[in-house]
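Written out below as C-alpha cells is the structure these notes cover.
Chain naming here is simple, since letters A, B, ... match the order of the sequence lines and numbering starts at 1 in each.
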Amino acid sequence: MANSRGRKVFMNMEETVRVRYAPSPTGEPHVGNIRTALFNWLYARHVGGKFILRIEDTDVTREVKGAVGAILDSLRWLGLDWDEGPEVGGPYGPYFQSQRLELYQAFAQQLVDEGYAYPCYCSPQRLEEMRAEQRRRREPPRYDRRCRNLSLKEREALAAGVEKPVIRFKTPLEGDTIFHDLVHGDVTFTNAALDDFILLKSDGYPTYHLANVVDDHFMKISHVLRADEWLASTPRHCLLYQALSWDPPQFVHLPMILGSDRAKLSKRHGATATTEYKKQGYLPQAMVNFLALLGWSLDDKTELLDRKELVRHFSLERIGKTAAIFNLEKLRWLNGVYLRGLSIEELVKRTLPFLEAGLPSIVARPLSKGYVSQIMPLIQERMRTLAEAVELADFFFIDELDYDASLLKVKNISTDVSGQALIASRDRIAALSTFAAGALEGVLRPLAGEMGLKTGQLFGLLRVAVTGRTAAPPLFETMAVLGRERCLKRLEVALTKMENLS
RNA sequence: GCCCCCAUCGUCUAGAGGCCUAGGACACCACCCUUUCAAGGUGGCGACAGGGAUUCGAAUUCCCUUGGGGGCACCA
C-alpha cells in the first residue's frame with residue numbers, strides 16, 4: 001500500500017516487526033551509531049515489535065575488551081531496552097556472531113557448492129599489489145577475479161599450498177540489482193560495478209556481508225534500519241539473499257550524522273562516544289530527544305518530546321534523507337531545558353556525583369545533601385550540564401575565596417565609601433534576628449539609599465565580597481544559604497582586601 | 001578514478017503544485033523584566049545552489065550543471 005506521502009510501506013499484519021541494533025565491539029559506541037539504535041528501538045516500541053541486540057564480533061583484530069559492556073551501558077543509560085540479545089537471551093540466539101561461526105561456514109559452503117561463490121587463494125600481498133597497480137592506472141580498485149574460474153585441478157593444487165583461502169561471492173557480471181529503500185525509494189546498482197566481495201575470511205570468520213544476511217534471516221529481522229554508509233553495500237546483500245533464496249528485509253537507510261566540517265563524525269569533532277556525554281553531565285532524556293531530532297521530525301514546530309511522546313509519534317515516513325550536523329549548541333540548550341524541568345530532589349541526586357568529583361579536594365567529603373539541596377534552586381536555571389554545577393556553585397563550598405581585589409572597586413565610588421558600605425552591611429547583617437533572604441533585603445536595600453549608592457552598586461559590591469565573582473545567583477538567597485557566619489567572615493576578608501587596594 | 005546518495009536560513013528542520021511575502025528551533029543582535037548572571041517575554045537578522053523544461057502557476061515534478069557526503073578492505 002502507499003501511505004499519504006506516496007512512499008511504499010508494506011504493512012505486514014501477521015508478522016511482527018523485528019528490528020535489530022548490531023554494533024561491533026570495537027570501542028565506545030559513537031553517538032551516530034547510538035542514534036541508529038534509538039531509531040530501531042523507537043520503531044519497535046511504536047509498532048509493538050521486537051528490538052534485538054546482536055553483537056557483530058567478527059573482526060578479531062579490531063576487538064576491544066570492555067566494548068560490549070560500554071555498548072550495553074550506553075543503551076541502558078538512554079533507556080533503550082532490548083527484547084533479545086546479550087544478558088536476556090531469546091529464541092534466535094546466540095546473539096554474538098562469534099558463537100555462530102558454523103552457521104556462516106555452512107552457508108558459505110552451500111554457496112560454493114551451488115556455484116554462487118568460490119574459494120580465492122590470492123594472498124593479501126598480491127591483492128595489495130593489484131590495487132596499487134590499479135591506482136596507478138587510475139582504475140577502480142577491485143578484485144580482478146583471478147580465482148573465479150579456476151579449474152578443479154588448479155584449485156586442488158592451490159589448496160595444497162600454504163595460503164588459506166577466503167570465500168568470495170561470484171557477483172553476476174551483468175544486469176542490475178534494484179532494491180526498494182523505505183526512505184530513498186528504488187535504488188539501482190549495475191552489477192558490473194560490484195566486485196567479488198569476500199564472504200568468509202581465511203580465519204573462518206564471516207565478513208559483515210555474509211553474517212548480517214544470515215543472521216537477519218534466521219533472526220527473522222523485518223526491517224533493517226542502519227546508517228546511509230551502508231547503502232552502497234546493500235546490493236551485495238540483495239544478491240546474497242537471492243543466491244540463498246531468502247526474502248530480504250525492508251531496508252531503511254538513515255541519514256548520516258556529520259561533524260562540524262561536514263565530514264563523517266569522528267573523534268576529531270570532540271566527544272563522539274555516548275558515554276562521554278554522560279560524563280560531561282548531559283541528561284539521557286535530553287540526549288534521546290536531541291538524537292531523535294537528527295534525521296527525524298514530528299512537524300514544523302515540535303522540539304521537545306519525551307520518550308513516551310517519541311514512541312507514540314515515531315514513524316519511518318518522517319525520517320529525512322539529508323545528512324545532519326551534530327549541533328552541540330542545541331544539545332546544550334536542550335539539556336538546560338531538561339535540567340530546569342527536574343525536581344530539586346532529582347537534580348540533587350544527579351548533581352551530587354559531579355560536585356563530589358569536581359570540587360577541590362580541600363572541600364570536605366561527603367558533601368551535605370541538605371546543603372546541596374539549598375543550593376540547587378539557585379543554580380538550576382543557570383546550568384546547561386550537570387558538570388557545570390561545579391563552577392556555578394564552588395563558592396558555596398570553598399572557605400577561602402580567591403578573587404582579585406580590583407573586583408571590589410565600584411564604578412565612580414571611592415574605596416572609602418565602599419569600605420563604609422561594607423562595614424554598614426556587616427553591622428546590619430550581624431544584627432539581624434532571622435537570617436533569611438527577605439530579611440536581608442529588608443535591611444540592605446534601604447542602606448543603599450542611605451549611603452547615596454544605587455542598589456546595583458551596593459549589591460554588586462556585596463556580591464563580590466560574598467561570592468568572589470561578579471556574576472552569581474541572586475544575592476540575598478545566596479547569602480541566606482551561605483549563612484550568617486560565612487557572610488560576615490567574607491565581608492571582613494573583603495574589607496581587608498580593599499584596604500590593600502588603596 | 002568508478003558507483004551510489006543528498007541539496008530550504010550559520011546549524012537542526014517544516015514544506016508532498018496555488019495555503020509561501022517560505023514556518024519553527026538553536027545560535028546571534030536589540031529591547032523588556034531585573035541587584036549581576038541566567039531564565040522568561042517581545043522584536044530583528046537570516047535560506048529555497050545555478051540553469052533549463054513541464055504548468056495558468058514550482059521550494060515542491062523532470063533533466064543538466066555545480067556542490068557536499070558515502071562506498072569501492074581477509075573493517076563493520
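- Geometric assessment of R168(A) against the ring of Y143(A) yields a positive cation-pi assignment under the 6.0 Å and 45° thresholds.
- In the model, D299(A) has a side-chain atom that pairs as donor or acceptor with a side-chain atom of T302(A) under 3.5 Å.
- At a cut-off of 3.5 angstrom, the base of rC37(B) holds at least one donor-acceptor pair with the side chain of R382(A).
- Of the listed nucleotides (rA27(B), rA76(B), rG68(B)), rA27(B) has the atom at the smallest distance from the side chain of W333(A).
- Among the heavy atoms of the strands, none lies under 4.0 Å from E139(A).
- Considering CD of E56(A) and CD of Q97(A), their distance stands at 4.0 Å, rounded to 0.5 Å.
- Among the heavy atoms of the strands lying under 4.0 Å from V166(A) is at least one base atom, whether or not backbone atoms are also near.
- Here the C1' atom of nucleotide rC74(B) and the CZ atom of R126(A) are 14 Å apart, to the nearest Å.
- A donor and an acceptor atom, one from each side chain of D186(A) and H180(A), are located under 3.5 Å apart.
- rC75(B) atom P lies 13 Å from atom CD of Q97(A), rounded to whole Å.
- Side-chain proximity of R262(A) to rC4(B), rU11(B), rA25(B): nearest is rU11(B).
- Counting only heavy atoms from C-beta on, K201(A) has its side chain closest to rC74(B) among rC37(B), rC74(B), rC72(B).
- Within the nucleic acid shown, F476(A) comes within 4.0 Å of at least one base atom, counting heavy atoms only.
- No engagement by T26(A) is indicated, since no non-hydrogen atom pair under 4.0 Å with the nucleic acid exists.
- Here the P atom of nucleotide rC74(B) and the CE atom of M130(A) are 8 Å apart, to the nearest Å.
- Geometrically, R350(A) does not engage F354(A) in a cation-pi contact, judged by NZ or CZ lying under 6.0 Å from the ring centre and within 45° of the ring axis.
- Nucleic acid contact for N327(A): base, since at least one base atom lies under 4.0 Å from a heavy atom of the residue.
- Residue contacts for L231(A): at a heavy-atom cut-off of 4.0 Å it reaches the sugar-phosphate backbone alone, with no base atom in range.
- Residue contacts for R340(A): at a heavy-atom cut-off of 4.0 Å it reaches the sugar-phosphate backbone alone, with no base atom in range.
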